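Computed from a predicted model, the values in this text were never measured in an experiment.
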Amino acid sequence: MKANTSLKDAAFEVMEQSYAPYSGFRVGAALCTSTGEVITGTNVENASFPMSVCAEHVAVSRAVSMGFRNFTEIAIATEADRPTPPCGGCRQVLNEFAPEIVICTFTRDGRNSRWTLRELLPEVFVFEGAGGKTR
């Protein structure tokens with residue numbers, strides 16, 4: 001199953017707005033809510049590298065600020081030679097709201113990959129009080 005064409009198109013469209021002057025690695029993400037809304041995000045780099053944010057994290061943050069908390073699918077577009085899955089931090093952010101989310105990644109030349117979050121993050125961290133533990 002491939003990502004919804006509108007999700008893929010939205011991810012490539014928002015990738016054009018990326019601010020990646022340091023790495024040159026532009027990323028666009030289009031997140032589908034459980035009610036069908038599409039929320040986008042792009043990566044934003046900063047000269048203080050730890051202050052940079054990933055496209056997936058931006059999309060989730062935008063969606064949450066708009067009142068959405070349930071997501072079914074995310075499309076990620078890059079100009080890389082091969083489909084690029086979300087980084088570990090973004091996987092954890094996605095897990096917070098959508099442990100069963102489908103992740104589809106695309107390159108400009110048409111390559112794509114599809115995973116479930118569980119495939120990419122099998123030993124997820126779950127906070128359960130002061131000690132925290134994994135599922």
Asks: Decide side chain to side chain contact (heavy atoms under 4.5 Å, CB included) for V60 and L31; before the verdict, give the C-alpha distance in whole Å, the side-chain angles of both, and the deciding distance to 0.1 Å.
Replies: CA-CA 7 Å; V60 170; L31 184 65; 4.0 Å; yes
Asks: Restricting to non-hydrogen atoms, name the atom on A75 and the atom on F106 that form the minimum distance, rounded to 0.1 Å.
Replies: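 Taking every non-hydrogen atom into account, CB-CE1, 4.0 Å.
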Asks: So which heavy atom on C54 is nearest to which on C87, and how close?
Replies: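 Closest pair (atom of C54, atom of C87, distance): SG-SG, 3.9 Å.
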Asks: Are any side-chain N or O atoms of R69 and backbone N or O atoms of V64, one a donor and one an acceptor, separated by less than 3.5 Å?
Replies: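 Side chain of R69 to backbone of V64: a pair is present.
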Asks: Are any side-chain N or O atoms of R114 and backbone N or O atoms of T105, one a donor and one an acceptor, separated by less than 3.5 Å?
Replies: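 Looks like no, no N/O pair under 3.5 Å.
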Asks: Count I, L, V, M, F, W, Y as connected when their side-chain heavy atoms are under 4.5 Å apart, and connections chain through other members. Are V38 and V58 then in the same cluster?
Replies: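 Unlinked, V38 and V58 end up in two clusters.
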Asks: Under a 4.5 Å side-chain heavy-atom rule over Ile, Leu, Val, Met, Phe, Trp and Tyr, are V93 and V124 clustered together?
Replies: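 Looking at the clustering, V124 is in the same group as V93.
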Asks: Nearest 0.5 Å please: distance from the CD1 atom of I39 over to the CG atom of L7.
Replies: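 Rounded to the nearest 0.5 Å, the CD1-CG separation comes to 10.5 Å.
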Asks: Take R91 and E56, measure what salt bridge (charged side-chain N to carboxylate O under 4.0 Å, His left out) needs, and give me the verdict at the end.
Replies: CA-CA 9 Å; R91 294 174 194 190; E56 302 90 334; over 6 Å; no
Asks: List in chain and number order the residues that pass ring pair (Phe, Tyr, Trp, His ring centres under 6.0 Å) with Y22, two or more places apart in sequence or in another chain; answer none if no residue qualifies.
Replies: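 Applying ring pair (Phe, Tyr, Trp, His ring centres under 6.0 Å) to Y22 gives F49.
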Asks: Please name the pair of heavy atoms, one in A55 and one in G41, separated by the smallest distance, quoted to 0.1 Å.
Replies: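 Smallest interatomic distance, heavy atoms only, reads CB-O, 3.5 Å.
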Asks: Looking at every heavy atom in both T78 and F12, which two are closest together, and how far apart are they?
Replies: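 Heavy atoms of T78 and F12 come nearest at O-CE2, 4.0 Å.
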Asks: When rounded to the nearest 0.5 angstrom, what is the spacing between SG in C104 and NZ in K8?
Replies: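 Here the rounded value is 10.5 Å.
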Asks: Side-chain heavy atoms under 4.5 angstrom apart, residues restricted to Ile, Leu, Val, Met, Phe, Trp, Tyr: same cluster for F97 and V53?
Replies: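 The answer is no; the residues belong to distinct hydrophobic clusters.
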Asks: Looking at V27, is its backbone amide N or carbonyl O close enough to the side chain of N43 to form a donor-acceptor pair, meaning the two atoms are under 3.5 Å apart?
Replies: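 Yes.
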Asks: Please report the interatomic distance SG(C90) to CD1(I103), rounded to the nearest 0.5 Å.
Replies: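 These two atoms lie 9.5 Å from each other.
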Asks: Flag yes if more than 12 heavy atoms outside D81 fall under 6.0 Å of its CG atom; otherwise flag no.
Replies: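 Incorrect, the count does not exceed 12.
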Asks: Kindly say whether E13 contributes a backbone atom to a donor-acceptor pair with the side chain of E16 at under 3.5 angstrom?
Replies: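 Pair absent, no side-chain N/O of E16 close to backbone of E13.
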Asks: Rounded to the nearest 0.5 Å, what separation is found between the CD atom of E73 and the OG atom of S34?
Replies: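 Answer rounded to 0.5 Å: 13.0 Å.
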Asks: In Å and rounded to the nearest 0.5 Å, what is the CZ to OG1 distance from R111 to T84?
Replies: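 One finds 11.0 Å between CZ of R111 and OG1 of T84.
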Asks: Would you say the side chains of N46 and S48 form a donor-acceptor pair under 3.5 Å?
Replies: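 Looking only at side-chain atoms, S48 and N46 do not form any donor-acceptor pair under 3.5 Å.
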Asks: Specify the closest pair of heavy atoms between A10 and A30, including all atoms of both residues, with the distance to one decimal.
Replies: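 Looking at all heavy atoms of both residues, the closest pair is CB-CB, 3.8 Å.
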Asks: Any chance you could measure M15, atom CE, to T42, atom OG1, to the nearest 0.5 Å?
Replies: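 Atom-to-atom, M15:CE and T42:OG1 are 8.0 Å apart.
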Asks: Who pairs with T35 by side-chain hydrogen bond (donor to acceptor under 3.5 Å, both in side chains), at least two apart in sequence or on another chain?
Replies: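 T35: side-chain hydrogen bond (donor to acceptor under 3.5 Å, both in side chains) contacts with T33, E37.
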Asks: Quick one: do Y19 and F25 end up in the same hydrophobic cluster if we chain Ile, Leu, Val, Met, Phe, Trp and Tyr together by side-chain heavy atoms under 4.5 Å apart?
Replies: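 No, it is not one cluster - the side chains of Y19 and F25 are not joined through contacts under 4.5 Å.
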Asks: Between I101 and R118, does the side chain to side chain contact (heavy atoms under 4.5 Å, CB included) criterion hold? Intermediate values first, please.
Replies: CA-CA 8 Å; I101 196 166; R118 288 286 165 252; over 6 Å; no
Asks: Minimum heavy-atom separation for L117 to P99, with atom names?
Replies: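 Closest heavy-atom pair between L117 and P99: CB-O, 3.8 Å.
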Asks: Distance-only, no hydrogens or angles: does the E45 side chain make a donor-acceptor pair with backbone N or O of S23 under 3.5 Å?
Replies: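 Side chain of E45 to backbone of S23, a donor-acceptor pair under 3.5 Å: yes, one is there.
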Asks: Apply side chain to side chain contact (heavy atoms under 4.5 Å, CB included) to L94 and I74, showing your working.
Replies: CA-CA 9 Å; L94 288 167; I74 188 167; 4.2 Å; yes
Asks: Taking atom CZ of R108 as the centre, does the number of heavy atoms from other residues, nucleotides or ligands within less than 6.0 Å exceed 12?
Replies: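 Counting other residues, nucleotides and ligands, CZ of R108 exceeds 12 neighbours.
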